[in-house]
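All figures in this text were calculated on a predicted structure; none of them were measured in a lab. Read the numbers this way: they start at 1 and go in the same order the structure lists the ligands and their atoms.
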Amino acid sequence: MVEAPRVTVLAGGIGAARFLAGLQRVVPPESITAVCNVGDDLDWFGLKVCPDIDSVLYTLAGVEGADGWGVRDDTRHTLESLRALGGETWFGIGDADLATHLFRTGRLRQEETLSEATAALARARGVGVTVLPVTDDPHPTVVRTADGDLAFQDYFVRRHAAVPITGVSFPGAPTARPAPGVLAAIRDCDLLCVAPSNPLVSIAPLLALAEVDAAVRESRARRVALSPIVGGAAIKGPAAAMLATLGHDVSALGVARMYASLIDLFVLDTVDAELVPAVRALGLEAVAVDTMMVGAEGRERVARNVLYAAGFLD
Ligand code: FO1
C-alpha cells in the first residue's frame, strides 16, 4: 500500500468497476470514492435497478458475473417463471441480483435516498470504497434514434444497441442535484480519475450536472482520464459505434479531445503510443501504459500504472 492519496473516480459500469477493483488493491479502500452514473437505471416490474452502481459493488465485492454485470453463477428461476407467465424477460435479472433490487427498492419505499440505500448495500457486501450515485434524483439517459427517444436499457439490451442513434440527452440534468458528498469528493481529493468508461453515456451524464462539471473544473486534484478506446475499438460495449455515429474520432485521441478542457493527464494504451504527441498537442500531459484489466493482477497493474503516471507512486 502507498501513502494514501484520496482518490475519486468518475465511474460508469464495468470498465470503472474493474479499474476500482485494481485501485483498492493499491490504495486503502477507505481513501477511494466512486461517483457512479445512474443514467442506465431502470424500473423492472416496479423494482429500481441500478446497473452501474451494481457492477461497481459486485466487482469490488468480488462476486460480479462473467460479463461484468449481475452476480457470478446466478440462477434464473424467477426469470424463467416470469417467461412462463408471459412476462417481459428481455432484461436478464438473476435470482441473487433480484435480492439487491428488492433490498434497494424496499429501502427507497421507506423514504431512504438512493445514496443511503447504496451505502447499505456496500456495507452488506463488505465494500470499503465509498460508492455514491451522482444524484439521488431521477437522471435518465435518453438515446435519440430514428425509432424515437429510447430509455438507455431499451436501446442497449432490448434492441441490442442495433438502432442507429442520432444523439443522447439527459432530461433530468437541469433539476437533478448532486448527491451528498459528490461535490466534496470531486473537489477535495488528491487524484480525480475519469474511468475508462463510455464518454457519451457513462461520463457525460455525470458532467451533465452543472455543479459536477464545475467541481471537476475547480478541483485542485490531479485530474487523469483513462481511454476506453484502445486501438480504435472499445474495450467493452457500444462506445466505438456511438462515437462514430455522433461524429467523434473513434480513437484514444478522439476521447482525449472530449476531455481536454477538464483534465491534466490522459492515459492511453501502449498500442496507441503513437497518439501521444497528438494528445500533448491538445495541451494535455499524455502517457501510454498497459491499460488491459485482465484478471485481478491486470487490474492492479493498471491502477499502479495510473498512480505512477500521476505522480502518486515511486
Ligand atoms: N446487459 C445485457 O446485455 N443483457 C441483459 O440482460 C442485462 C441484464 C442486466 C441486469 C442487471 C444489471 O445490473 C445489468 C444488466 N446488464 C445486461 C448490463 C447493463 O445493461 C449494461 O452493462 C450497463 O447498463 C452498461 O453500463
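Between Arg177 and Asp136 no salt bridge is recorded (no basic side-chain N to carboxylate O distance below 4.0 Å).
With 3.5 Å as the limit, one finds no donor-acceptor pair spanning the side chains of Tyr308 and Asp314. Residues Thr141 and Tyr155 bring no donor and acceptor atom of their side chains to less than 3.5 Å of each other. A donor atom on one side chain and an acceptor atom on the other are not found under 3.5 Å apart for Ser202 and Asn37. In the model, Thr113 has no side-chain atom that pairs as donor or acceptor with a side-chain atom of Arg107 under 3.5 Å.
Screening Val224, Val287, Val255 against Phe266 for a side chain to side chain contact (heavy atoms under 4.5 Å, CB included) leaves a single residue, Val255.
Of the N or O atoms in Asp54, none lie within a sub-3.5 Å distance of an N or O in ligand 1. The shortest N or O to N or O distance between Gln153 and ligand 1 is under 3.5 Å. Residue Gly92 has at least one nitrogen or oxygen atom sitting less than 3.5 Å from a nitrogen or oxygen atom of ligand 1, judged on distance alone.
Closest to atom 13 (O) of ligand 1 among all protein heavy atoms lies Pro51 CA, 3.3 Å. At the top of the distance list for atom 10 (C) of ligand 1, counting protein heavy atoms only, stands Phe91 CE2, 3.3 Å. In this structure, the protein non-hydrogen atom closest to atom 3 (O) of ligand 1 is Val157 CG2, 3.8 Å.
In this comparison of Phe156, Trp69, Trp90, the heavy atom closest to atom 8 (C) of ligand 1 sits on Trp69.
Every atom of ligand 1 is numbered from 1 in the order shown, and the set under 4.0 Å from a heavy atom of Asp40 is 23 (C), 24 (O), 25 (C), 26 (O).
No donor-acceptor distance shorter than 3.5 angstrom exists from the side chain of Asp97 to the backbone of Gly70, with no hydrogens or angles considered.
Contact annotation for Asp97 and ligand 1: only side-chain heavy atoms (C-beta onward) come within less than 4.0 Å of the ligand. Residue Asp52 touches ligand 1 through its side chain alone, judged by heavy-atom distances below 4.0 Å.
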